Amino acid sequence: MKIYDWHTGPYPARVRIALAEKNLQPLVTFISVNLWKGEHKTPEFLAKNYSGTLPVLELEDGSFIAECTAITEYLDALDGLPTLTGRTPREKGMIHMMSKRAELELLDAISVYFHHGTPGLGPDVEIYQNPEWGFRQRDKAIRGMHYFNDVLEKQPFVAGDVFSMADITTIGGLIFAERVDVPVPQECGALRAWYARMQERPSVRNRVTMSKLTEEA
Ligand code: GTS
């Protein structure tokens, strides 16, 4: 399998963490796509992923799977032991809901802030920017942090009692938030404590260096 990604990217981190949690790194070749040079917007890359985003998984049969959630579901199903996306119908439903919520209320909101409320990937790549929209999304993400803090005051993980894709998505959100200087508010003690616990997991700690870059796009 090949994964097109950018080694420090918050969305690619989601798939890197999932790979490490499933011990699948040896099956993967990483291909670096340089976001800062706009390599994800070239016609060649858009043919792989219409949305022009990373990461993208390429299977041995030449098909492509984009979207972190879809890639994680694929990887989690490979060994027939889905530990990240739920084993029972209830677990599956809760994990999917909370992961989607972590995208909507935190990660995607912070990403919009990065692209619209900051210089983002620079003038050559950011063709259209709307700063007001960016700042609104930053404020939405901060509200999202309070929501996830409330959740984590009542349970150890984002979707309940076990580590799951919903935790990984929330981690992606906080990685991106750190990157753009949007700190978790001091009063969100449960979220801060959970994030500190998550950083102790080898999959999270070693995500950037987990595998040698083997090819350039
Ligand atoms: N919904 C997509 C997913 O979940 O995979 C979003 C992917 C995404 O936005 N990826 C970022 C990207 O390609 C990568 S990174 O910002 O985390 O490094 N951004 C480039 C762009 O131009 O939007």
Side-chain angles (χ1 to χ4, degrees), residues 1-19 28 30-59 63-76 84-85 95-131 133-134 137-138 140-141 144 158 164-182 203-204 207-211 213 216-217:
M1 293 184 286
K2 291 179 184 170
I3 292 185
Y4 297 82
D5 89 345
W6 180 245
H7 59 297
T8 57
Y11 288 86
R14 293 169 63 187
V15 167
R16 285 169 169 250
I17 294 168
L19 280 171
V28 169
F30 285 101
I31 300 181
S32 181
V33 179
N34 192 326
L35 292 171
W36 302 90
K37 291 185 182 162
E39 288 176 359
H40 56 305
K41 301 299 182 197
T42 62
E44 294 76 26
F45 187 79
L46 293 175
K48 297 176 175 52
N49 177 14
Y50 170 79
S51 302
T53 56
L54 302 171
V56 179
L57 172 68
E58 181 176 354
L59 303 180
S63 46
F64 296 100
I65 301 180
E67 296 299 323
C68 293
T69 303
I71 297 170
T72 305
E73 282 173 350
Y74 176 87
L75 297 174
D76 202 23
L84 299 175
T85 54
I95 290 168
H96 199 108
M97 174 181 75
M98 292 306 284
S99 183
K100 183 71 188 172
R101 215 168 257 176
E103 286 184 339
L104 287 172
E105 309 296 340
L106 181 56
L107 173 57
D108 290 353
I110 282 286
S111 176
V112 173
Y113 169 59
F114 169 68
H115 290 289
H116 290 272
T118 80
L121 294 169
D124 293 341
V125 182
E126 307 290 358
I127 294 160
Y128 167 76
Q129 290 197 296
N130 181 336
W133 179 235
Q137 292 298 304
R138 177 200 57 192
K140 176 180 178 177
V158 171
S164 75
M165 176 170 71
D167 294 284
I168 297 176
T169 310
T170 311
I171 291 165
L174 294 193
I175 291 171
F176 216 152
E178 272 175 349
R179 198 76 48 83
V180 293
D181 293 325
V182 179
S203 64
V204 178
R207 65 184 185 275
V208 175
T209 54
M210 69 183 286
S211 174
L213 175 70
E216 301 277 338

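In each ligand, atom 1 is the first atom listed, and ligand 1 is the first ligand listed. Values in this document were obtained by computation on a predicted structure and should not be read as measured data.
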- Shortest non-hydrogen contact from G173 toward L106: CA-CG, 4.0 Å
- Message: Can a donor-acceptor pair be found, under 3.5 Å and without considering hydrogens, that links the side chain of K48 to the backbone of A66?
- Response: no
- Task: Check ligand 1 against H115 and write out every atom of the ligand that is under 4.0 Å from a heavy-atom position of the residue.
- Result: 21 (C), 22 (O), 23 (O)
- Query: Do R14 side-chain atoms and Y11 backbone N/O form a donor-acceptor pair below 3.5 Å?
  - Reply: no
- Query: H40 heavy atoms, cut-off 4.0 Å: which ligand 1 atoms fall inside?
  - Reply: 20 (C), 21 (C), 22 (O)
- Query: How far is atom 1 (N) of ligand 1 from its nearest protein heavy atom, and which residue and atom is that?
  - Reply: E67 OE1, 2.7 Å
- Task: Considering only non-hydrogen protein atoms, determine which one is nearest to atom 10 (N) of ligand 1 and report residue, atom name and distance to 0.1 Å.
- Result: L54 O, 2.8 Å
- Name the closest protein heavy atom to atom 5 (O) of ligand 1, giving the residue it belongs to and the distance to 0.1 Å. C68 N, 3.1 Å
- Closest non-hydrogen protein atom to atom 17 (O) of ligand 1, residue and atom name please, with distance? Y11 N, 2.8 Å
- Task: Any atoms of ligand 1 less than 4.0 Å from a non-hydrogen atom of T53? List them with their elements.
- Result: 7 (C), 8 (C), 9 (O), 10 (N), 13 (O)
- Query: Of the backbone atoms (N, CA, C, O) and the side-chain heavy atoms from C-beta on, which set of W6 has a member under 4.0 Å from an atom of ligand 1: side chain, backbone, both, or neither?
  - Reply: neither
- Query: Is the H116 ring parallel, tilted or perpendicular to the Y128 ring (thresholds 30°, 60°)?
  - Reply: perpendicular
- Any R14 heavy atom less than 4.0 Å to ligand 1: yes
